Every structure is written in C-alpha cells, then in structure tokens.
A.B. asks: 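So that we are looking at the same thing, I have put the structure below in structure tokens.
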Amino acid sequence: MTQQEISTEAMNVPERGNTRIPAAVLAKIAAQAAREIDGVGAAAGGVLGVAQRRDFDRRPQAEVELLGSTAVVRLDLGLRYPAPLESTCEAVRRHVDARLRRDAGVTRTQVDITVTWLHPEDPNERRRLL
C-alpha cells in the first residue's frame, strides 16, 4: 500500500480481504460532494487565473492526502454571494465527510476549504443607494 491509498486494513474492518482506494478517487468523491451543496462552484478555463470564469456546473478542485487512516481534503471553490459563508463551508465539510464515510469507508477526515471567489446572485442588477 502506498501512502496515497487508503486500505480497509487501516480502518480496522473485519478480515474480508483488502480494498485499496487511491487518493485521486477520494478527491473525486470529495469534489462531487462539495458540488452538491447549493451555491458552490468551480473555476473554469483561463491560464494562470487570466480569463477564468466562475462555473456552478463543474466540480471544485480537490486534493486528498492520506495520513494513516485520516483523509486530509483540500477544496478550492467559489461561492454565490451574498451567502452565509461560514455555514455554507460547514455544510460542505459535513457533506464531504459523510460521502467519504459512505462511499469509501474513510473513518476520519479533515476538510480544509479555500474560497477563491464570490459570485453575486445577479451580476446584471445595479444597486442603488437610498
């Protein structure tokens, strides 16, 4: 087992054989779970951040590093604004944790979130000062 795979052996699962899940697979599960939360999006296109657009139809970027039986997930995402940022990020953490537990048997997760952009609900709407 490499450091970038999680095994059922490390999770104290009864002896039924071994299942190895690469970190890249866990990252895809985490990214899809994050996308399922309303108002979460991903950056798309562009080179070095130039001409980059906000996309709510794609999965955010995710990386997973395995430290023993703990999956450390790093998500790079964007959010609709105005939105309750703290509670939205907490919902993403809970959902990613639940999906990794259900789909891959990961017992411990740490989910680190970087919000790289905010997107107003209606960019064509002009605000008036009263």
Side-chain angles (χ1 to χ4, degrees):
M1 180 176 76
T2 67
Q3 177 136 0
Q4 293 306 306
E5 294 179 335
I6 195 161
S7 171
T8 54
E9 291 175 317
M11 297 183 284
N12 297 323
V13 174
E15 206 47 51
R16 296 181 300 220
N18 294 326
T19 302
R20 288 182 168 72
I21 303 171
V25 172
L26 297 176
K28 285 185 180 183
I29 293 170
Q32 180 61 35
R35 181 180 177 267
E36 293 169 358
I37 301 298
D38 189 41
V40 172
V47 176
L48 299 174
V50 177
Q52 197 172 41
R53 65 183 198 281
R54 283 106 170 112
D55 190 347
F56 288 98
D57 294 325
R58 293 185 47 178
R59 294 186 298 228
Q61 291 181 348
E63 293 179 6
V64 173
E65 182 179 1
L66 297 168
L67 304 172
S69 61
T70 301
V72 178
V73 180
R74 291 179 193 88
L75 292 168
D76 182 358
L77 50 84
L79 299 174
R80 290 199 194 280
Y81 185 81
L85 303 180
E86 186 176 348
S87 62
T88 302
C89 289
E90 188 55 38
V92 169
R93 282 187 186 93
R94 282 192 310 271
H95 194 60
V96 167
D97 178 65
R99 287 289 301 278
L100 287 174
R101 286 175 187 270
R102 185 191 79 187
D103 295 351
V106 175
T107 57
R108 292 187 306 221
T109 60
Q110 173 183 324
V111 181
D112 299 328
I113 297 173
T114 301
V115 177
T116 55
W117 54 270
L118 298 173
H119 185 70
E121 286 185 26
D122 185 3
N124 296 322
E125 180 180 289
R126 290 187 169 230
R127 297 181 118 184
R128 292 182 3 191
L129 295 175
L130 298 175

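Computed from a prediction, not measured in an experiment: that's the story for all the values here.
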A.B. asks: Using the side chain to side chain contact (heavy atoms under 4.5 Å, CB included) criterion, which residues pair with Arg101? Sequence neighbours excluded.
C.D. replies: Asp97
A.B. asks: Provide the closest heavy-atom pair for Ala104 versus Ile29 in the form atom of the first, atom of the second, distance.
C.D. replies: CB-CD1, 4.3 Å
A.B. asks: Can you run down the salt bridge (charged side-chain N to carboxylate O under 4.0 Å, His left out) pairs that involve residues 72-84, sequence neighbours left out, and say none if there aren't any?
C.D. replies: Glu65-Arg74
A.B. asks: Between atom NE2 of His95 and atom CD of Gln32, what is the distance when rounded to the nearest 0.5 Å?
C.D. replies: 8.0 Å
A.B. asks: Can you find a pair of side-chain heavy atoms, one from Leu26 and one from Val106, that are under 4.5 Å apart?
C.D. replies: yes
A.B. asks: On a heavy-atom basis, which atom in Ala34 and which in Val96 lie closest, and how many Å separate them?
C.D. replies: N-CG2, 4.0 Å
A.B. asks: Only counting residues at least two apart or in another chain, list the ones meeting salt bridge (Lys or Arg N to Asp or Glu O under 4.0 Å) with Glu36.
C.D. replies: Arg99
A.B. asks: Might you work through the side chain to side chain contact (heavy atoms under 4.5 Å, CB included) test for Leu67 and Val72, ending with a clear yes or no?
C.D. replies: CA-CA 7 Å; Leu67 304 172; Val72 178; 3.7 Å; yes
A.B. asks: With the side chain counted from C-beta on, respond yes when Leu75 and Thr114 share a heavy-atom pair under 4.5 Å apart, and no when they do not.
C.D. replies: no
A.B. asks: Please give me the minimum heavy-atom distance between Ile37 and Ala91, naming the atom from each residue.
C.D. replies: CD1-O, 3.9 Å
A.B. asks: With sequence neighbours left out, write down each residue that passes salt bridge (Lys or Arg N to Asp or Glu O under 4.0 Å) with Arg102, or none if nothing qualifies.
C.D. replies: none
A.B. asks: Could you pull out the closest heavy-atom pair between Pro60 and Ala31, with the gap in Å?
C.D. replies: O-CB, 3.3 Å
A.B. asks: Hey, could you give me each pair passing side chain to side chain donor-acceptor pair (under 3.5 Å) that has a residue in residues 84-94? Not counting sequence neighbours.
C.D. replies: none
A.B. asks: Taking side-chain hydrogen bond (donor to acceptor under 3.5 Å, both in side chains) as the test, write out the residues that go with Glu63, two or more places apart.
C.D. replies: none
A.B. asks: Taking only residues two or more places apart in sequence or in another chain, which ones pass side chain to side chain contact (heavy atoms under 4.5 Å, CB included) with Leu85?
C.D. replies: Leu79, Leu118
A.B. asks: So, do His119 and Phe56 sit near enough that their side-chain heavy atoms are less than 4.5 Å apart?
C.D. replies: yes
A.B. asks: Under 4.5 Å between any side-chain heavy atoms of Val115 and Leu77, yes or no?
C.D. replies: yes
A.B. asks: Side chain to side chain contact (heavy atoms under 4.5 Å, CB included), that's the test. Do Val25 and Val64 meet it? Break it down for me.
C.D. replies: CA-CA 9 Å; Val25 172; Val64 173; over 6 Å; no
